[in-house]
2 protein chains.
Amino acid sequence: MVTGKKKTEMREDFSGKVSDETLRKLVGYNMKRAFNEVQADLVQVLQQFDLRMMTYSALILIVDNPGLRQSHLAEALAVERPNLVIIIDELERRGLIARERLISDRRAYALVATLPGRQLYENALRAVKAHETKIFGDLDDPETLKLIETLRQVERRARAR
Amino acid sequence: MVTGKKKTEMREDFSGKVSDETLRKLVGYNMKRAFNEVQADLVQVLQQFDLRMMTYSALILIVDNPGLRQSHLAEALAVERPNLVIIIDELERRGLIARERLISDRRAYALVATLPGRQLYENALRAVKAHETKIFGDLDDPETLKLIETLRQVERRARAR
DNA sequence: TATTGTTATACTCTATAACTATA
DNA sequence: TATAGTTATAGAGTATAACAATA
């Protein structure tokens with residue numbers, strides 16, 4: 001061996017200098033690592049409101065779209081219907097939303113937010129925006145808007161696989 | 001009501017036009033949705049090689065860093081040690097890598113890729129790069145490099161929470 | 001027959017505590 | 001006493017099949 005080092009000695013020289021160049025050249029890997037960190041911070045923010053990411057996303061869509069059905073909510077959030085049931089159960093049990101039977105189609109529910117639900121929406125949104133500003137910078141900056149645009153384009157292109 | 005529509009009628013008008021403006025203004029939500037789609041495509045690509053995302057990431061680092069220890073690999077991949085064990089088990093069982101005891105510290109293993117492991121690395125990497133080019137465009141383009149740089153910056157800022 | 005919401009279930013990913021063997 | 005790897009386990013998140021009520 002040219003370096004003069006023995007094989008077994010070489011194999012111990014990895015204290016903190018592992019090469020991850022190959023992985024770091026892949027966009028997907030960097031997306032995963034970045035999102036994991038963002039998510040870890042967001043989870044802590046939402047914990048203060050006793051919300052998880054999916055329960056909060058659902059609450060937002062229900063407040064913004066009063067009366068929508070579970071099936072439409074599931075589609076909008078890209079969640080399977082069975083998984084949405086427990087999310088809605090939790091929001092309803094906490095009195096943040098209500099299931100109202102439709103007269104025109106008695107199979108379906110119209111989902112509506114309660115006053116406490118709308119208040120929690122506002123308070124949590126303020127905290128989430130602060131969290132996002134901390135990580136991404138001003139949310140109205142051209143650079144942030146460009147990032148969102150890029151991500152949406154990536155989503156579309158990956159969806160059209 | 002000004003529109004003249006009854007409440008219950010309004011609550012059915014949600015066929016495909018759910019407003020998700022609030023969520024779509026949040027960078028994190030767009031990251032999640034984009035990554036979910038990218039991941040779904042990547043999973044299919046790796047399935048052809050009987051690899052999952054974590055087994056493939058681990059294989060890459062072992063090939064690129066012959067002799068590294070499991071603890072260093074776990075740290076580099078941001079995976080808890082117990083979860084890495086089953087990943088390494090699988091790679092070893094398939095003859096893609098080997099655990100070699102260190103003489104200097106008989107608690108630790110040096111992880112090394114086998115020839116089949118290095119060959120699978122090459123073949124899978126070719127497929128993964130094709131998948132990434134399909135979704136992100138040319139991987140050497142300034143725009144792609146900029147996206148990676150942005151993601152890494154986001155990762156650092158979120159980590160420094 | 002088809003659809004809405006539901007139940008049951010299973011599989012993956014991830015996180016923690018405690019053990020063993022070595023240091 | 002501390003560290004490397006391991007075991008067991010539990011919690012999320014997600015996916016599918018099958019059912020009851022209704023269309």
Side-chain angles (χ1 to χ4, degrees), chain A residues 11-12 14-16 18 32-33 35-37 39-40 42-44 46-47 50-58 62 67-93 97-111, chain B residues 11-12 14-16 29 32-33 35-37 39-40 42-44 46-47 50-58 62 67-93 97-111:
Chain A
R11 288 190 176 151
E12 298 173 53
F14 277 103
S15 358
V18 178
K32 179 180 164 64
R33 292 296 295 261
F35 179 65
N36 279 353
E37 297 296 336
Q39 187 182 31
L42 177 61
V43 163
Q44 287 199 328
L46 290 177
Q47 254 170 2
D50 201 13
L51 288 168
R52 291 169 298 123
M53 285 195 345
M54 278 310 301
T55 49
Y56 183 51
S57 302
I62 295 168
L68 91 167
R69 298 181 180 195
Q70 288 186 204
S71 53
H72 296 152
L73 179 56
E75 196 190 4
L77 290 171
V79 169
E80 295 300 320
R81 269 69 69 202
N83 297 325
L84 187 62
V85 171
I86 61 169
I87 293 166
I88 299 303
D89 281 350
E90 186 180 327
L91 291 173
E92 189 183 36
R93 179 181 46 74
I97 65 148
R99 284 172 164 108
E100 296 188 1
R101 277 288 182 201
L102 286 173
I103 326 171
S104 53
D105 186 343
R106 290 173 38 74
R107 294 171 303 184
Y109 288 114
L111 302 175
Chain B
R11 286 188 178 153
E12 298 172 54
F14 277 104
S15 357
Y29 185 75
K32 179 180 165 66
R33 292 295 296 261
F35 179 65
N36 279 353
E37 298 296 335
Q39 188 181 30
L42 177 62
V43 163
Q44 287 200 326
L46 290 177
Q47 256 171 359
D50 201 11
L51 289 169
R52 291 169 298 124
M53 285 195 343
M54 279 310 301
T55 49
Y56 184 53
S57 302
I62 295 169
L68 91 167
R69 298 180 182 198
Q70 288 185 203
S71 52
H72 296 153
L73 179 55
E75 196 190 4
L77 289 171
V79 169
E80 295 300 320
R81 270 69 69 203
N83 297 325
L84 187 62
V85 172
I86 60 168
I87 292 166
I88 299 301
D89 282 349
E90 186 180 327
L91 292 173
E92 190 183 35
R93 180 180 46 74
I97 66 149
R99 282 171 165 107
E100 297 187 0
R101 276 288 183 201
L102 286 173
I103 327 170
S104 53
D105 187 343
R106 291 174 36 74
R107 293 171 303 183
Y109 287 115
L111 302 175

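We name chains A, B, ... by the order of the sequence lines, and we start the count at 1 in each one.
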Looking only at side-chain N and O atoms, does Ser71(B) come under 4.0 Å of OP1 or OP2 in dG5(D)?
->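 For dG5(D), OP1/OP2 do have a side-chain N/O of Ser71(B) under 4.0 Å.
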Using whole Å, report how far [atom1] of [X] lies from [atom2] of [N].
{"X": "Glu90(A)", "N": "dG11(D)", "atom1": "CD", "atom2": "P", "answer": "15 Å"}
{"X": "Glu100(B)", "N": "dA4(D)", "atom1": "CD", "atom2": "P", "answer": "19 Å"}
{"X": "Gln47(B)", "N": "dC11(C)", "atom1": "CD", "atom2": "P", "answer": "15 Å"}
{"X": "Glu75(B)", "N": "dT14(C)", "atom1": "CD", "atom2": "C1'", "answer": "18 Å"}
{"X": "Arg99(B)", "N": "dG5(D)", "atom1": "CZ", "atom2": "P", "answer": "9 Å"}
{"X": "Ile88(A)", "N": "dT4(C)", "atom1": "CD1", "atom2": "P", "answer": "15 Å"}
{"X": "Glu37(A)", "N": "dT14(C)", "atom1": "CD", "atom2": "P", "answer": "13 Å"}
{"X": "Leu42(A)", "N": "dA12(D)", "atom1": "CG", "atom2": "P", "answer": "16 Å"}

Scan nucleotides 20-23 of chain C against the protein and return all N/O pairs shorter than 3.5 Å with their distances rounded to 0.1 Å.
residue, atom, partner, partner atom, Å
dA23(C), OP1, Arg106(B), N, 3.0

Ser71(A) backbone acceptor or donor facing Arg81(A) side chain under 3.5 Å |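 A pair under 3.5 Å: no.
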Taking all atoms of both residues into account, what is the closest heavy-atom pair of [X] and [Y], and its distance?
{"X": "Ala74(B)", "Y": "Leu84(B)", "value": "N-CD2, 3.5 Å"}
{"X": "Ala76(A)", "Y": "Tyr29(B)", "value": "O-OH, 3.8 Å"}
{"X": "Glu90(A)", "Y": "Arg52(A)", "value": "OE1-NH2, 2.8 Å"}

Rounded distance [0.5 Å steps], [atom1] in [X] versus [atom2] in [Y]:
{"X": "Arg99(A)", "Y": "Gln70(A)", "atom1": "CZ", "atom2": "CD", "answer": "4.5 Å"}
{"X": "Leu77(A)", "Y": "Ile87(A)", "atom1": "CG", "atom2": "CD1", "answer": "7.5 Å"}
{"X": "Leu73(B)", "Y": "Leu68(B)", "atom1": "CG", "atom2": "CG", "answer": "5.0 Å"}

Just checking, is any N or O donor in the side chain of Arg69(B) or Tyr109(B) under 3.5 Å from an acceptor N or O on the other one?
->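 Distance-only check fails for Arg69(B) and Tyr109(B).
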Every protein N/O lying under 3.5 Å from an N/O of nucleotides 13-16 of chain D:
residue, atom, partner, partner atom, Å
dG13(D), OP2, Arg52(A), NH1, 2.4
dT14(D), OP1, Lys32(B), NZ, 3.3
dA15(D), N7, Asn83(A), OD1, 3.2
dA15(D), N7, Asn83(A), ND2, 2.9
dA15(D), N6, Asn83(A), OD1, 2.9

Contacts of type side-chain hydrogen bond (donor to acceptor under 3.5 Å, both in side chains), residue Arg107(A), not counting sequence neighbours =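 If we apply the side-chain hydrogen bond (donor to acceptor under 3.5 Å, both in side chains) test to Arg107(A), skipping adjacent residues, the hits are Asp105(A).
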